[in-house]
Visitor: 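After the structure tokens below, expect a handful of questions from me.
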Amino acid sequence: MADKGFTHNVLHVRPDSIEQLKDCLEKAQQGNRVAIPTEGSAEDSLAHRISPAEKITIVDISFLKKDDIKWIIHRFKKAIENNPPVWIETFRNWGQTQTIPVIASVPMTLDQLKRLIKVASEEKLSVRCAGSGHSWSPIFSDRNNLLIYMENIKSDYENGSRIRISPGTVNHVDVMAGVTTRQFKEFQLEKKLNIPANVILEVVQMISVVATGCHGVGYDVKAPSDYVVKMRIMDAKGNLKTFQRDDNKMFKAIQANFGCFGVIYDMTIELKQQDIVKVENQYRKLKDIFYDVEQLNTLFEENMSVELFWFPFNSERSNVTYNPDDDEVWVRVINKVGNGRM
Ligand SMILES: Cc1cc2nc3c(=O)[nH]c(=O)nc-3n(C[C@H](O)[C@H](O)[C@H](O)COP(=O)(O)OP(=O)(O)OC[C@H]3O[C@@H](n4cnc5c(N)ncnc54)[C@H](O)[C@@H]3O)c2cc1C
């Protein structure tokens, strides 16, 4: 606690905690002083209210605002020295179901990431990442805490690539934070590999899909996170740790960690050889599909993959009464060509 001393009958005190504040108020009371709470040193603005006979204690209570985001960013900026830059922003997810004031940053290097985590730790802030912000639930930063965007982090792979075949393997792929599902799909096509649980959305990030245990279709395939064999994660002390499927009993939790194990730097995912498939489009009446259980079962049992799209009211015409039975259902039937290898 700093005492700035007397100016005539005015005493300035600046407590740093509730305990010190209580102490100041007690002392003021014991000394028959009038305690005036202010933010900063406000003697000038109070001067006209202070009579020469009065004994005044001006109590600077700025510390009460130390959790205010403006104070946090002030201290954060001072400590991080613009390496990397940090700023206040209102984070909004894609679906606009989450609106959160945060301190944000986009580290470019592992060293910058480490610095961010160190300052956040000193400030007792929690750290969370955002990918493309397409999750609906509150799984981003808490209010006034640190939100990190990892899409620009430099990779440590040779020639700076962000996605590659893992050295010494033929079907393990290293994927950096920030790689989107579209980039991952293009890589699979180029290398004739595939993940049996691909994602249709193209703008989300592969590491987020894994972190949330999302996606994956088909009764005989798993979710993308199940195919992860290795992850490198920076922990709260700034150590980059490697977790492997084969030597870690915790790996199931690490695979789909919702960003709660630290900041994921990259992951290695196991792919299969690509299958060549034939896609057949059929347009069938809704009543022929949904009212005939046997046919519906056959459709699913006899094909590798079936997708049904029904856009209600597609048979509606102005001169006839609408009956959903007449709507067309778009049926996509997907099967391997031969054994799937050409
Ligand atoms: C229109 C739409 C359609 C969708 N369709 C489907 C669907 O068919 N099936 C399905 O299962 N889901 C679906 N989803 C959900 C979506 O795919 C997931 O929520 C996915 O995680 C979003 O990816 P993102 O890059 O936007 O991640 P974000 O939402 O930004 O982040 C997801 C989580 O990952 C964490 N994270 C991201 N990067 C890191 C990192 N480097 N280190 C640590 N943690 C990190 C974040 O902290 C957060 O907790 C859909 C969402 C939308 C908006």
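Just so you know, residue 1 is the first one in the sequence shown, and it goes up from there. FYI, side chains are in, hydrogens and waters are out, and symmetry mates aren't considered; it's all heavy atoms of this structure. In each ligand, atom 1 is the first atom listed, and ligand 1 is the first ligand listed.
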Visitor: Considering the heavy atoms of Phe258, write down every atom of ligand 1 situated less than 4.0 Å from one of them.
Guide: 49 (O)
Visitor: Measuring from the heavy atoms of Trp136, does anything fall under 4.0 Å of ligand 1?
Guide: yes
Visitor: Per the salt bridge (charged side-chain N to carboxylate O under 4.0 Å, His left out) rule, which among Asp326, Asp327, Asp292 passes with Lys287?
Guide: Asp326
Visitor: Angle class for the Phe311/Phe309 ring planes (parallel below 30°, perpendicular above 60°, tilted otherwise)?
Guide: parallel
Visitor: Who's the nearest protein heavy-atom neighbour of atom 48 (C) of ligand 1, and how far?
Guide: Ile139 O, 3.4 Å
Visitor: Give a yes/no on ligand 1: does Gly262 have at least one heavy atom closer than 4.0 angstrom to it?
Guide: yes
Visitor: List the steps and the verdict of ring pair (Phe, Tyr, Trp, His ring centres under 6.0 Å) for Phe243 and Phe251.
Guide: CA-CA 7 Å; Phe243 299 94; Phe251 203 71; 7.7 Å; no
Visitor: State which residues pass salt bridge (Lys or Arg N to Asp or Glu O under 4.0 Å) with Lys252; sequence neighbours excluded, sorted by chain then number.
Guide: Asp226
Visitor: Starting from atom 50 (C) of ligand 1, what is the nearest protein heavy atom, named by residue and atom, and what distance separates them?
Guide: Leu201 CD1, 3.7 Å
Visitor: Just to confirm my output: which protein heavy-atom neighbour is closest to atom 51 (C) of ligand 1, and how far is it?
Guide: His134 O, 3.4 Å
Visitor: Work out whether the distance between some heavy atom of Gly95 and some atom of ligand 1 is less than 4.0 Å.
Guide: no
Visitor: Backbone, side chain, both or neither: what part of Asn257 comes under 4.0 angstrom of ligand 1, heavy atoms only?
Guide: neither
Visitor: Quick one: look up the protein heavy atom nearest atom 6 (C) of ligand 1 and list residue, atom name and how far away it is.
Guide: His215 CE1, 3.3 Å
Visitor: Classify the angle between the aromatic ring planes of Tyr149 and Phe91 as parallel (below 30°), tilted (30 to 60°) or perpendicular (above 60°).
Guide: tilted
Visitor: Of the backbone atoms (N, CA, C, O) and the side-chain heavy atoms from C-beta on, which set of Thr212 has a member under 4.0 Å from an atom of ligand 1: side chain, backbone, both, or neither?
Guide: side chain
Visitor: Measure Tyr265 to ligand 1 on non-hydrogen atoms and call it side chain, backbone, both or neither using the 4.0 Å cut-off.
Guide: neither
Visitor: Just let me know how Cys214 lines up against ligand 1, side chain, backbone, both or neither, with a heavy-atom cut-off below 4.0 Å.
Guide: both
Visitor: Salt bridge or not between Arg164 and Glu158? Use side-chain N to carboxylate O under 4.0 Å.
Guide: yes
